Every structure is written in structure tokens, then in C-alpha cells.
Q: 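Here it is: the structure, laid out below.
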Protein chains: 2
Amino acid sequence: MALTDDAIAKIRSMIQSGELPPGTRLPPEPQLAAQMGLSRSGVREAVKVLESARVLDVRRGDGTYVTSLAPRLLLQGLGVAVELLRDDTLLEVMEVRRMLEPMATGLAALRMTDADLDELGQILQDMRAAAGDAEKLIQFDAAFHHTVVATTGNETLTSLLDGLSGRTLRARVWRGLIEGNAAHQTIEEHHTIYLALRARDQLLAQASALLHVNTSEAWLRTVLGATSSDR
Amino acid sequence: MALTDDAIAKIRSMIQSGELPPGTRLPPEPQLAAQMGLSRSGVREAVKVLESARVLDVRRGDGTYVTSLAPRLLLQGLGVAVELLRDDTLLEVMEVRRMLEPMATGLAALRMTDADLDELGQILQDMRAAAGDAEKLIQFDAAFHHTVVATTGNETLTSLLDGLSGRTLRARVWRGLIEGNAAHQTIEEHHTIYLALRARDQLLAQASALLHVNTSEAWLRTVLGATSSDR
DNA sequence: CGCCGGCAAACGTCCGATGTCTCTATAGTG
DNA sequence: CACTATAGAGACATCGGACGTTTGCCGGCG
């Protein structure tokens with residue numbers, strides 16, 4: 001189990017050391033294989049792993065390149081990881097969001113531009129119009145929070161929170177919200193956050209975001225409780 | 001580029017759907033290949049990717065099994081991702097830690113047991129004894145923060161913060177601290193956090209953790225500034 | 001009852017061949 | 001001269017088979 005993993009480590013360390021800066025093209029697979037002392041098969045496995053981590057970008061017929069290594073890419077894996085977490089750990093994820101999202105929203109209140117606010121207002125309007133359509137609600141909900149956090153200008157923070165709010169997790173919460181006739185109330189929570197942001201009120205934005213996450217957590221608890229008692 | 005990626009998606013979705021619960025043994029590679037309609041090579045690449053994500057556990061001579069899917073495993077990849085981030089995004093990571101770590105430390109103040117406090121005290125003592133030895137300081141520093149956050153009982157939170165405080169990042173900060181003769185002061189910051197935790201004072205713990213992260217960030221800025229002006 | 005050796009199963013690695021896609025340079029055309 | 005179509009080379013995608021190594025298990029032996 002050493003050869004392929006060694007290759008992974010070697011390539012990774014070459015990138016980390018700056019020997020292979022973003023955008024660099026790697027040698028062809030056969031040459032890379034010779035260079036690292038293993039067969040082409042092993043190299044392919046190593047490259048595939050790094051490709052799945054968005055560290056390498058393999059272009060068929062062309063070559064293999066080092067990606068930009070932007071946080072948006074490297075932290076993308078967090079999302080798929082969260083999707084695989086078991087139900088009983090989803091509450092842990094919620095607890096993290098409970099800490100992070102209010103802080104991020106508060107920070108956004110300080111950094112948000114008028115254009116950002118207009119975009120948010122539009123999303124809010126879309127959300128209201130989509131009431132009843134679970135699929136769209138989930139989509140606009142994701143867009144709303146993503147937009148808010150993105151205005152902090154911190155791509156790492158944005159990617160992290162995006163990953164923590166995985167699609168499945170979000171879908172479950174909304175399922176609970178809709179079945180519990182709480183969708184309308186939740187949409188209004190977004191409005192409250194919007195108002196706080198528009199007022200550039202950091203503390204208010206923070207508080208309203210916390211309330212919102214808390215609502216989500218409560219409904220997630222309901223959904224999880226219901227499914228576990230189904231057995 | 002479809003076959004292997006399809007296989008990855010298939011296996012992942014089988015796990016997510018509960019069809020392959022933690023601990024399950026997958027069919028042998030040749031059989032899995034037939035089942036998914038591709039060669040053994042492709043299956044191996046897919047399995048390797050999921051193994052690197054700590055989703056599968058491949059035991060040579062035995063078989064391939066689904067891991068426990070614990071957050072500690074699945075979120076491990078965050079660490080290697082952070083290690084690959086470019087210098088200019090490390091400040092973004094610090095900003096996230098600035099939000100998350102104080103909250104986590106504050107929470108720890110509420111949940112910490114006497115045994116946890118004793119362990120922390122021991123680490124603090126070790127840290128003081130190691131003054132001057134950068135390697136040990138880094139190690140005890142990591143142990144200190146890990147222990148604090150671990151007492152929250154939130155494994156997801158712990159894994160996340162562990163990943164965000166990658167070894168390389170920590171090493172750089174301590175390099176700055178030592179060269180700037182600020183190591184002693186930083187050790188005392190740990191003591192301050194410890195006292196707040198011992199007093200079960202959430203707000204004080206939160207504040208002292210924020211100060212501490214801020215110090216780290218300042219020294220990271222120094223280190224980054226120095227290296228970039230080296231050119 | 002416990003230890004030990006051998007067998008079978010499964011993963012690790014390698015090799016060679018063929019398919020398919022991209023990019024590029026080149027020849028041809030208007 | 002500029003543009004376009006095309007052929008070729010280069011590179012990844014996939015396959016099939018072979019052989020080595022490790023592990024787990026089971027039966028035999030002391």
C-alpha cells in the first residue's frame with residue numbers, strides 16, 4: 001500500500017513546496033511513472049485521488065495541470081464529506097453552523113455593498129414567490145445564505161459554510177418546515193436578517209442569524225426524531 | 001472520464017442511501033467491476049479515491065470495507081486541503097478561526113469536567129517546560145487547543161478546527177513567535193484561557209481565546225510579510 | 001486445548017494494447 | 001494574405017490478463 005500513496009504524497013509535497021505552482025502541467029503519465037518508480041497504473045490512481053481533491057485538473061487528450069488551489073476548489077470536498085455523515089452527527093454540524101453563521105452574517109453587515117443588498121432583496125422576493133415549491137425554496141435559501149456570506153469577501157469562510165449546509169441537510173430541514181407549516185415564518189426570518197443587513201447593524205444581523213439557525217436546528221431535530229421513530 | 005467517476009458516485013450513493021452501512025464489506029474488485037460495468041482498473045481508481053476520503057478502508061489480502069463514517073475520519077481531508085492553500089489565503093483561514101475558536105472555547109467552559117481541566121493544566125506545564133524547543137511547543141500548542149475543543153463533545157467541531165489549524169500554519173506562527181521573542185507571552189495567553197475555563201466563565205474564555213487567535217494572526221501576518229519581502 | 005503450516009481469497013503492481021479526445025501545424029482555398 | 005479544413009501527434013481512458021504479497025481460515029499435529 002506504499003507505492004501509490006507515496007506517489008500521492010510526492011506530488012502533493014511538490015505542489016506544497018512551490019515546485020509545481022498552480023497552472024503547471026505535469027509530465028505525461030508514462031514519464032511520471034518512471035520518475036516516481038512505479039507503473040502507470042499506480043500513477044493513474046494517485047492522479048485520480050488528487051483530481052478528486054481538486055488539486056489536479058486532468059484534461060483528456062491534453063495533459064494534467066495543477067489547479068488554482070483556490071479555497072473554493074480545495075474545500076469543495078467538505079460538502080461531499082458532510083453528505084455522508086450519519087444522522088446523529090448532523091446535529092453537531094448544526095451546532096457548528098450555529099457558531100459560524102451568525103458571526104459571518106454579522107461580518108457581512110459591515111462589509112455589504114448596496115449592490116449586494118439589492119441582490120439579496122431579489123432573492124428574498126423570489127423566495128416569497130416560490131412558497132409551496134420545496135425545490136425552489138431550497139435553492140433560493142441556499143442562494144440567500146451563500147450571497148450573504150460571500151459579501152464578507154472571505155472565500156474560505158464561504159466555502160466552509162457552503163459545505164456545512166449540504167444539499168441533503170438543507171432539504172431535510174425544509175421538508176420539516178413545509179410539513180410543519182413553518183415555511184412562511186422561516187421566510188420572514190430571512191427578511192429580518194435582510195433588514196438587519198440593510199441597516200448595517202452587526203449585532204442585529206448576528207442575532208437574527210442565530211435565531212434562524214436555531215429554527216433550522218429545531219426542525220431538523222423534528223425530522224430526525226420522526227424518521228428514527230418510524231422504525 | 002465518465003466510467004470511473006460514475007463508479008465513485010454509485011458507491012458513494014449506495015453508502016449514503018444506507019444500502020452499504022458502516023462496516024459492510026464490498027464485493028471483491030472483479031465482481032464489483034462486473035457489477036458496475038467497467039474494468040478492474042477503473043474500480044481500483046474509484047476505490048482509491050474513496051479510500052483517500054476515508055470512506056472506504058481497504059485491507060490487503062482481506063477485502064474492502066465501509067468505514068465508520070465518523071466526522072473525525074471524513075473531515076480529515078480538510079487538513080490536507082488547508083495545507084495546500086496558498087499564502088495569501090491563510091489570513092482567510094485565520095479569520096475563520098477567529099470566529100470559530102472563541103465560540104468553541106466559550107462552549108468548552110460550560111462543558112469542561114475537572115478531569116479535562118487537569119489534563120489541560122498538565123499540557124500547560126509541559127508547554128512551559130518546553131520553552132525554546134519550537135517542535136515541542138508546536139506539539140503542545142496543538143494538544144492544548146485540541147483538548148479544549150474536544151471537551152465540547154462535538155466531534156465535527158473538533159475535526160474542523162483541527163483541520164483549520166494545520167501543522168504548517170501552526171509552525172509558521174510559532175516561527176514568528178519565537179523569532180520575535182513573543183513565545184513567553186503566548187504561553188501566558190494559554191494560561192489566561194486556562195484560568196477562564198477553570199472558572200467556567202464562558203465570556204471570559206471566549207474573550208481570551210479571541211485575543212489568542214488575534215496574536216497568532218498578527219504573527220502570521222509578520223511571517224507572511226517577511227517572506228514576501230524576501231523577494 | 002493450543003500451536004503451526006498450508007491453502008484459498010483478495011488486494012497490489014505491472015505490462016501492453018487499443019480507443020478517443022485535444023491541440024497544433026500544415027496545406028489548401030478564396 | 002487571411003482563413004479554414006484536415007491530418008497527425010500527443011495524452012488520457014479503458015481494458016484484459018498475469019503475477020506477487022498479504023491476510024484469514026481451517027485442518028492437522030503435538
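What you are looking at is a predicted structure, and each value in this text was computed from that prediction instead of being measured. Scope of the values below: all heavy atoms of this structure, side chains included, with no hydrogens, waters or symmetry mates. Here is the naming used below: chain letters follow the sequence lines, and residue numbers restart at 1 for every chain.
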Q: Atom CZ of R60(B) and atom P of dC11(C): how far apart are they, to the nearest Å?
A: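 So the two atoms are 11 Å apart, to the nearest Å.
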Q: Do Q122(A) and D118(A) have side-chain atoms, one donor and one acceptor, less than 3.5 Å apart?
A: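 Their side chains do not contain a donor-acceptor pair, so the 3.5 Å distance test is not met.
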Q: Distance check needed: dC11(C) C1' versus L50(B) CG, whole Å only.
A: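 So the two atoms are 16 Å apart, to the nearest Å.
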Q: Could you tell me whether D162(B) and R72(B) make a salt bridge, using a distance below 4.0 angstrom between a side-chain N and a carboxylate O?
A: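 Result for this pair is no, no salt bridge flagged.
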Q: List for me each residue that meets side-chain hydrogen bond (donor to acceptor under 3.5 Å, both in side chains) alongside T113(A), sequence neighbours excluded, and say none if there are none.
A: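 Partners of T113(A) by the side-chain hydrogen bond (donor to acceptor under 3.5 Å, both in side chains) criterion, ordered by chain and then number, come out as D116(A).
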Q: Rounded to whole Å, how long is the line connecting atom CD of Q31(B) with atom P of dA9(C)?
A: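 Atom-to-atom, Q31(B) to dA9(C), this comes out as 13 Å.
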Q: Pairing donors with acceptors under 3.5 angstrom, does anything connect the side chains of Q16(A) and T168(B)?
A: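 Result is yes, a qualifying pair exists.
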Q: Please report the distance, rounded to the nearest Å, between CZ in R40(A) and P in dG12(C).
A: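 Atom CZ in R40(A) sits about 19 Å away from atom P in dG12(C).
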Q: Of the options dA13(D), dC15(D), dC15(C), whose atoms approach the side-chain atoms of S39(A) most closely?
A: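 Ranking dA13(D), dC15(D), dC15(C) by closest atom to the S39(A) side chain puts dC15(C) first.
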Q: Within a strict 4.5 Å, meaning less than it, do heavy atoms of the K48(A) and E51(A) side chains meet?
A: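 Yes, at least one pair of side-chain atoms sits under 4.5 Å.
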Q: Give the rounded distance in Å between these two atoms: CG of D6(A) and P of dT13(C).
A: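 Rounded to whole Å, this separation is 9 Å.
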Q: Students often get this wrong, so: under 4.0 angstrom with heavy atoms, is G63(A) touching a base, only sugar-phosphate, or nothing?
A: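 Here G63(A) touches the backbone only, sparing every base.
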Q: Among dA13(D), dC15(D), dC14(C), find the nucleotide with the atom closest to the side chain of L38(B).
A: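 Nearest listed nucleotide: dC15(D).
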Q: Nearest whole angstrom, please: distance from the P of dA10(C) to the CG of D57(B).
A: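 For the pair D57(B) CG and dA10(C) P, the rounded distance is 16 Å.
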Q: Can a side chain N or O of T64(A) be found less than 4.0 Å away from OP1 or OP2 on dC12(D)?
A: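 It does, given that an N or O in the side chain of T64(A) lies less than 4.0 Å from OP1 or OP2 of dC12(D).
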Q: Would you mind reading off the distance between L3(A) atom CG and dG20(D) atom C1', rounded to a whole angstrom?
A: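 That distance rounds to 12 Å.
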Q: Examine dG12(C): is either OP1 or OP2 under 4.0 Å from a nitrogen or oxygen in the side chain of T4(A)? Give yes or no.
A: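 For T4(A), the contact criterion (side-chain N or O under 4.0 Å from OP1 or OP2 of dG12(C)) is not met.
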Q: With respect to the side chain of P30(B), which nucleotide from dA10(C), dC12(D), dC11(C) is positioned closest?
A: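 Among the listed nucleotides, the one closest to the side chain of P30(B) is dC11(C).
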Q: Round to the nearest Å and state the distance from R59(A) atom CZ to dG10(D) atom C1'.
A: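 Atom-to-atom, R59(A) to dG10(D), this comes out as 15 Å.
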Q: Would you say a side-chain N or O of R44(B) is under 4.0 Å from OP1 or OP2 of dC11(C)?
A: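 Negative; the distance criterion is not met.
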Q: Considering heavy-atom distances to DNA chain C, does G61(A) or E45(A) have its closest nucleotide positioned more toward the 5' end?
A: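 So the residue in question is E45(A).
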Q: Of the listed nucleotides (dG24(D), dC23(C), dG12(C)), which one gets closest to any side-chain atom of D62(B)?
A: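 Looking only at side-chain atoms, D62(B) lies closest to dG24(D).
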